[in-house]
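Both ligands and their constituent atoms are indexed starting at 1 by order of listing. Any value given below was found using the heavy atoms of this structure, including those in side chains, with hydrogens, waters and symmetry copies removed. Along the sequence shown, the residues carry numbers beginning at 1.
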Amino acid sequence: MDKLVIEGGVRLKGEVVVSGSKNSVLPIMAATLLTDQTCVIKGVPNLRDTNTMLKILRSLGKNTEFYKGTVTVSATKHANFTADYKLVSTMRASFCVLGPLLGKLKKAKVSLPGGCVIGLRPVDLHLKGIESLGADISIESGYVVAKAARLRGKHIYLGGVYGSSVLATGNVMMAAVLAQGKTIIEAAACEPEVADLAELLNKMGARIKGEGTPTIEIDGVKELRGVTHTIIPDRIEAGTFMIAALITKGDILIKNALAQHQGALLDKLDEAGALISKGDNCLRVRARGRIKPINVTTLPYPGFPTDMQAQIMSLMAVTPGISVITEKIYPDRFMHVAELNRMGAHIQREGPHAIVEGIKSLSGAPVMASDLRASASLVLAGLVAKGRTSVSRIYHLERGYENIESKLQGLGAKIWREKE
Ligand code: EPZ
């Protein structure tokens with residue numbers, strides 16, 4: 001197992017190119033199950049999670065090729081409707097094969113995803129939505145077993161305790177595209193990744209309207225065709241590099257980044273004192289004098305993304321003054337707090353709130369990653385800490401960041417990989 005070692009104190013400068021979106025490509029790869037024709041997906045990041053989804057597609061009877069950012073998925077004669085525990089348990093997002101399998105094969109057997117360190121993460125909304133389309137659903141030996149001679153369009157309210165659900169919206173949308181009649185998804189997730197999935201499905205011959213808004217309308221069609229599609233850039237990776245620029249008092253031009261996907265984050269960084277220049281498909285980020293403490297509350301899109309909560313906490317940890325960070329999507333998503341405090345941060349947790357008393361500097365220390373975004377926040381803290389930080393269990397980081405250490409090295413960071 002590897003760890004990352006970081007010598008802090010370097011101002012990051014230069015250009016970085018953001019990869020394609022992990023959270024867009026995973027449901028998009030699942031959508032290839034909706035057709036027997038060949039699908040070509042471009043701009044695919046080489047991540048642990050994308051490779052897990054390729055394994056799942058192969059276990060479901062697909063041929064897959066992955067070469068230089070392009071995934072090609074084609075059918076074999078052996079379509080299989082069971083997504084097994086061994087694969088699904090390693091990546092929750094694989095649960096979104098349920099909708100396309102049921103839509104295409106009229107039956108699906110998908111392992112329940114199991115626990116996650118960032119929170120309970122139930123799938124009740126996924127099941128509610130798919131059951132509303134007329135599927136017969138049962139839970140057997142840890143698997144969701146779903147059957148339906150024919151799915152029928154329905155008006156479905158998909159709002160949950162914490163608001164809309166990104167993957168439940170995608171799962172239900174993928175089941176509804178081949179259903180008979182019209183489906184309306186109310187309280188749908190509005191994330192750009194949901195809109196990207198809908199764009200792909202419409203290119204395959206689906207009839208979807210309202211994607212990117214809380215009300216999505218789907219008129220079912222008989223079948224879908226193959227497609228070629230380029231996925232959107234990863235807005236969370238772009239956000240992570242924005243914080244890297246500010247926390248190191250550097251100046252970074254972030255390429256393949258769309259300002260229109262970053263409203264809430266750019267607004268908060270502006271409030272904190274960042275100087276942000278928006279260009280065509282790029283953003284330049286640097287500090288305008290001292291960064292100021294700010295309060296942040298995570299919400300479903302277009303609110304502040306929960307996947308940027310840990311990273312902005314690292315910035316506030318070295319910003320003198322008091323900041324309050326409130327987590328409204330995963331109230332327990334605070335595994336990074338104890339590790340940041342090991343580096344000398346003053347962060348106190350009060351239920352879904354973290355009270356951050358910003359200090360001048362952190363000190364390097366051995367820390368442990370617990371999940372994808374927590375690991376990013378520890379790398380950011382290591383970039384500014386005095387001395388050396390080592391971040392272990394970086395397999396979490398590799399799930400969602402492509403070549404992060406060489407990208408950071410390209411900006412001048414002293415970061416390298418070592419065996420544990
Ligand atoms: C997606 O997960 C992302 N993952 C997550 O990113 C992200 O944190 C999350 O959306 C919220 O933005 C992918 O797209 C692969 P949700 P998803 O369903 O769809 C509750 C990362 O770091 N809920 O929108 O699984 C749930 O517990 C990952 O890249 C139910 O109660 O998240 C949560 O509190 C981490 N019942 C809230 O809704 C359900 O059936 C939002 O979750 C489904 C969800």
Just heavy atoms, cut-off under 4.0 Å: does K22 contact ligand 1 by side chain, backbone, both, or neither? side chain
Looking at D36 and K104, is there a salt bridge between them, counting it only when a charged N and a carboxylate O are closer than 4.0 Å? yes
Once you restrict to heavy atoms under 4.0 Å, what part of R373 touches ligand 1? Side chain, backbone, both or neither. side chain
Any atoms of ligand 1 less than 4.0 Å from a non-hydrogen atom of T306? List them with their elements. 8 (O), 11 (C), 12 (O)
So for G160, does at least one of its heavy atoms come nearer than 4.0 angstrom to any atom of ligand 1? no
Does the side chain of Y330 come under 3.5 Å of the side chain of T306 through a donor N or O and an acceptor N or O? no
Just distances here: any N/O of Y330 and N/O of ligand 1 closer than 3.5 Å? yes
Does the N or O separation between L26 and ligand 1 drop below 3.5 Å for any pair? no
Are I325 and T298 packed together at the side-chain level, in the sense that at least one heavy-atom pair is separated by less than 4.5 angstrom? no
Please assess D84 against K55 for the test salt bridge (charged side-chain N to carboxylate O under 4.0 Å, His left out), listing each intermediate value before the final yes or no. CA-CA 11 Å; D84 79 16; K55 277 192 206 132; over 6 Å; no
Ligand 1 to I329 polar contact by distance, N or O atoms, under 3.5 Å: yes
Would you mind checking if D49 and R399 are paired as a salt bridge, meaning a charged N to carboxylate O distance below 4.0 Å? yes
Answer with yes or no whether L120 contacts ligand 1, where contact means a heavy atom under 4.0 Å from a ligand atom. no
Quick one: does ligand 1 sit under 4.0 Å from the side chain of A93, the backbone, both or neither, non-hydrogen atoms only? side chain
Scanning both residues in full, the closest heavy-atom pair of P27 with L167 reads CG-CD2, 4.2 Å
Between L125 and ligand 1, does any nitrogen or oxygen pair lie at a separation below 3.5 Å? yes
If we only consider heavy atoms of R333, is any one of them less than 4.0 Å away from an atom in ligand 1? yes
Residue pair L133 / G153: nearest heavy atoms and the distance that separates them: CD2-CA, 4.3 Å
For ligand 1, is any non-hydrogen atom under 4.0 Å from L167's backbone (N, CA, C, O), its side chain (CB onward), both, or neither? both
